[in-house]
Protein chains: 2
Amino acid sequence: MKGLPNFIQYQNGELWLTENERDNLKISYRIRDIIYAEQSPYQHVMILDSYDFGRMLVLDGVVQTTSIDGFIYNEMISHVPLTFHPNPKRVLVIGGGDCGAAREIAKYENVEQIDLVEIDQLVVQVCKDHLQEVSGNLSDPRVRFVYSDGVAFVREAVDTYDVIIVDSSDPVGPAKQLFEFDFYRNLHRALKADGIMVCQSQSPIFHAEVMVETYKSIQRLFPTTLLYTAVVPTYPGGLWSYTLGSKIHEQPANIRSFDKQTRYVNRDILEQCFKVPQFVKELL
Amino acid sequence: MKGLPNFIQYQNGELWLTENERDNLKISYRIRDIIYAEQSPYQHVMILDSYDFGRMLVLDGVVQTTSIDGFIYNEMISHVPLTFHPNPKRVLVIGGGDCGAAREIAKYENVEQIDLVEIDQLVVQVCKDHLQEVSGNLSDPRVRFVYSDGVAFVREAVDTYDVIIVDSSDPVGPAKQLFEFDFYRNLHRALKADGIMVCQSQSPIFHAEVMVETYKSIQRLFPTTLLYTAVVPTYPGGLWSYTLGSKIHEQPANIRSFDKQTRYVNRDILEQCFKVPQFVKELL
């Protein structure tokens, strides 16, 4: 590695990553070590060892997931749709290169196939090699890795999946199209007649417009549309939203029998996550 | 005001407040204007106008509450105990100088007296003058302001209150004693025979030891001890904990009839807040 990567600064002999995605709020993480840093064809990819959050995946200077709190996001984007659907067999993950969602899905013995479509092969590789607290060094034979554009992939799929999980980064750069209506329409078509989709729909506090627009798009397509929230410490504002669209199932099917080994999710959390704070309710 | 107050820096012609309470994580807020900055006998007190969070109360360089998210913390520390108790008449708030908790308590018509014991009169004054989004410029005649040490105050009170709310800052500086066992024992004595107390018990992620210790202290004194959580965006980690101790009531009494005008709390939130993530459950 030649010199210091972009996004990292020396301050008083210490290494710091400063996220300044939002111009008027900056979060700075003190870094113990730069484990990996390269430019992929799609984005700048780093694995950093931080003091407070352990190892972190950083794309284009923005923290995506960490050893300390990655389990929260990944458990919530996976177990909610998988307990909502009565019998999921084929699951598609769009994005999710950190492998954390696929790792959670692999806890369901009845699931037969997990397609993980990630545009950036380098992200999968570095997370498997250097971020095993999140990826679990996933090697389940049911997981099929497809390194291609998720938008194009779902355009070709019809009546194929029980559950689709859109585990995207923020709606800028490569992930922008994953927040557009055409994409959700193609997702709807890629699902079986009783299929369920989930996407992350950003912060109710800092990205309320994106959240509301995502919810409305999904609501145009799916008779049951539900927003749920979780707390993700490394995302701005802490409170994070997900939106679930279901073609026919109106209620979660398997919460009461939930028995997976998890650190954030439990039966209570699965039940209550759809009950959102008053200001979020009023936004929708 | 002479010169720039401590805690504020100029960077590229912009004003920034950088919180570095935790040495390895820094949150920086871009500031539009310094509304107020003075040293009180107890601490450095500022009201800042920030770009992302509106006006903020900052004590010794640490953000305490903001126009944008102050309602979350204050609604959760107030409405949970007030709906848990079947008929609260006399309420004590220790700390709470931003007046936000007292403002929420004043929404209960049956409450006859609200004693607010804040050590630092300047905090109350600047919040009433410059932070009315939080304080509501509270002028309810049932509120009695007592400017003195909360620790000494509860030592003198016996069998007096239905509900006591400990709305403290972090367990450093003036608030340190508010996290000690002797203080909770005095609180217990200051409560009536069916009284209920609540305190903020810090972050389950960053201050897990403080949270667990607080919970255990309260559990030694109160037959019913319950931890609940909320999301406070300006506190590190986002996820925040509160601990409730109840002398006899085992279940919330008045959730289903909750009818106050609020922005975070609703009946669902009041019901579900006691159901905590798996890793928090395992800590206790």
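Dense packing is recorded around CD of B:E133, with more than 12 heavy atoms of other residues, nucleotides or ligands lying under 6.0 Å away. Crowding of A:E250 atom CD: a count of heavy atoms from other residues, nucleotides or ligands under 6.0 Å not exceeding 12. Applying the 6.0 Å contact sphere to CD of B:E213 captures no more than 12 heavy atoms from other residues, nucleotides or ligands.
Of the listed residues (A:S50, A:S203, A:A230, A:P277), the one with the most heavy-atom contacts under 4.5 Å to chain B is A:P277. For the set A:K281, A:E14, A:E282, A:K275, the entry with the most heavy-atom pairs within less than 4.5 Å of chain B is A:K275.
For the atom pair CD of A:Q278 and CD of B:E75, the computed distance is 9.0 Å after rounding to the nearest 0.5 Å. Atoms CZ and CD, from B:F274 and A:Q272 in turn, are 11.5 Å apart once rounded to the nearest 0.5 Å.
Residues B:D52 and A:F206 approach most closely at OD2-CE2, 4.1 Å, considering heavy atoms. Nearest heavy-atom pair, A:D23 versus B:W16, reported as atom, atom and distance to 0.1 Å: O-CH2, 3.4 Å.
If you measure heavy-atom distances from B:I269 to chain A, the contacts under 4.5 Å come from the side chain alone. When heavy atoms are compared at a cutoff of 4.5 Å, B:I205 approaches chain A solely by way of its side chain, counted from C-beta outward. In this structure, no portion of B:V280 lies under 4.5 Å from any heavy atom of chain A.
For residues 258-266 of chain A, heavy-atom neighbours of chain B at less than 4.5 Å comprise A:T262, A:R263, A:Y264, A:V265, A:N266, sorted by residue number. Residues of residues 101-111 of chain B lying within less than 4.5 angstrom of chain A, judged on heavy atoms, are absent.
Looking only at side-chain heavy atoms (C-beta outward), B:F53 and A:L25 come within less than 4.5 Å of each other. In this structure, B:Y29 and A:N24 have side chains that are not in contact, with every pair of non-hydrogen atoms separated by 4.5 Å or more.
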